[in-house]
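So the structure is just underneath, and the comments pick up after that.
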Amino acid sequence: MSASSLVADTVWKTIESTQSVTEEQLSILHFLFGKNLERATKIVDQRGVKKISGQPSGRSIFQVVGESRRKEEYFCFPEHYCACYSFFYDIVNRGEQLCCKHQLAARLAAALGAFIDVKVSDEQLALLLIKL
């Protein structure tokens, strides 16, 4: 794990424990993620993050609205994966970013409790996951 990832993880854990974010924490995250963080905060502010939880297992995935006019929604696991083009191009292929704006939005929304909570059956969640 890179030093940047370790710093980011420390900041995320602090935000999660307090369910609030300070200017200093935002500054650190902005240094690490740049414009992606700005875009992610915009998505969170516009209530563009859903947490879809399967019942009764409690397993979950996030669905995050994109910024395009089409308002596409992307499934993502905040720390590991996003179905968007940028994830594959900038992160997996070129290794230029730590994560995409959708992952950042999901992580920020989860840490602050600022997501729309959607409950589905485990079977419905499995059907969503099959499409990934």
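Here the structure is a predicted model, which means the values were calculated and not measured.
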Query raised in the report: Are any of the side-chain heavy atoms of Phe75 and Ile52 separated by less than 4.5 Å?
Result: yes
Query raised in the report: In terms of side-chain heavy atoms, does Gln124 have a donor or acceptor partner in Ser121 at a distance below 3.5 Å?
Result: yes
Query - Rounded distance (nearest 0.5 Å) linking atom NZ of Lys50 with atom CD1 of Ile61 - result: 13.0 Å
Requested in this report: Measure the shortest side-chain to side-chain distance between Gln46 and Val65 over non-hydrogen atoms and say whether it is less than 4.5 angstrom.
Outcome: no
Query raised in the report: Within the distance-only criterion (no hydrogens, no angle test), does the side chain of Gln25 pair as donor or acceptor with the backbone N or O of Thr22 below 3.5 angstrom?
Result: yes
**Report entry** Cluster link Val49 to Leu129, ILVMFWY, side chain under 4.5 Å
**Finding:** no
Query raised in the report: Can you name the residues that form a side-chain contact (heavy atoms from CB on, under 4.5 Å) with Ala8, not counting sequence neighbours?
Result: Trp12, Leu32, Phe33
Report summary line: From the list Val11, Leu26, Thr14, side-chain contact (heavy atoms from CB on, under 4.5 Å) with Val21 holds only for Leu26
Requested in this report: Could you pull out the closest heavy-atom pair between Gly66 and Tyr74, with the gap in Å?
Outcome: CA-CE1, 4.0 Å
Query raised in the report: Would Leu132 end up clustered with Val92 when hydrophobic side chains under 4.5 Å apart are linked, directly or stepwise?
Result: yes
Report summary line: dist Asn93:CG -> Asp90:CG (nearest 0.5 Å) comes out at 9.0 Å
Requested in this report: Go through the steps to decide whether Tyr89 and Arg94 satisfy the test side-chain contact (heavy atoms from CB on, under 4.5 Å), and finish with yes or no.
Outcome: CA-CA 6 Å; Tyr89 187 72; Arg94 294 171 53 192; 2.5 Å; yes
**Report entry** Distance flag, aromatic centroids of Phe62 and Phe77, threshold under 6.0 Å
**Finding:** no
Query raised in the report: Using 4.0 Å as the upper bound for N to carboxylate O, is an ion pair formed by Lys101 and Glu38?
Result: no
**Report entry** Validation row: Arg59, Leu125 side chains within 4.5 angstrom (heavy atoms)
**Finding:** yes
Query raised in the report: Honestly curious: do Leu104 and Tyr85 fall in one hydrophobic cluster under the side-chain, below-4.5 Å linking rule?
Result: no
Query - Residue pairs fulfilling salt bridge (Lys or Arg N to Asp or Glu O under 4.0 Å) with at least one residue in residues 118-132, sequence neighbours excluded - result: Asp117-Lys119
**Report entry** Check: Glu23 main-chain N/O paired with Ser27 side-chain donor or acceptor under 3.5 Å
**Finding:** no
Report task. Any chance you could measure Leu37, atom CG, to Lys42, atom NZ, to the nearest 0.5 Å? Result -> 13.5 Å
Query raised in the report: Could you give the distance from NE2 (His102) to CZ (Arg39), rounded to the nearest 0.5 Å?
Result: 10.0 Å
Report task. State whether a side-chain donor-acceptor pair under 3.5 Å links Ser5 with Ser2. Result -> yes
Requested in this report: Return the minimal non-hydrogen interatomic distance between Ile15 and Ala111, and the atom names on each side.
Outcome: CG2-CB, 3.6 Å
Report summary line: Rounded to the nearest 0.5 Å, the CD atom of Glu73 sits from the SG atom of Cys84 at a distance of 13.5 Å
**Report entry** Considering all heavy atoms, the nearest Ala40-Ala105 contact
**Finding:** CB-N, 3.5 Å
Requested in this report: Sort out for me which residue in Ile91, Leu108, Val64, Asn36 forms a side-chain contact (heavy atoms from CB on, under 4.5 Å) with Gln103.
Outcome: Ile91
Requested in this report: Check whether any side-chain heavy atom of Ser53 sits under 4.5 Å from a side-chain heavy atom of Lys51, and report yes or no.
Outcome: yes
Query raised in the report: Less than 4.5 Å apart, any side-chain heavy atom of Leu98 and any of Ser4?
Result: yes
Query raised in the report: Should the ring pair Tyr81 and Phe88 be called parallel, tilted or perpendicular, given that the plane angle runs from 0 to 90° and is split at 30 and 60?
Result: perpendicular
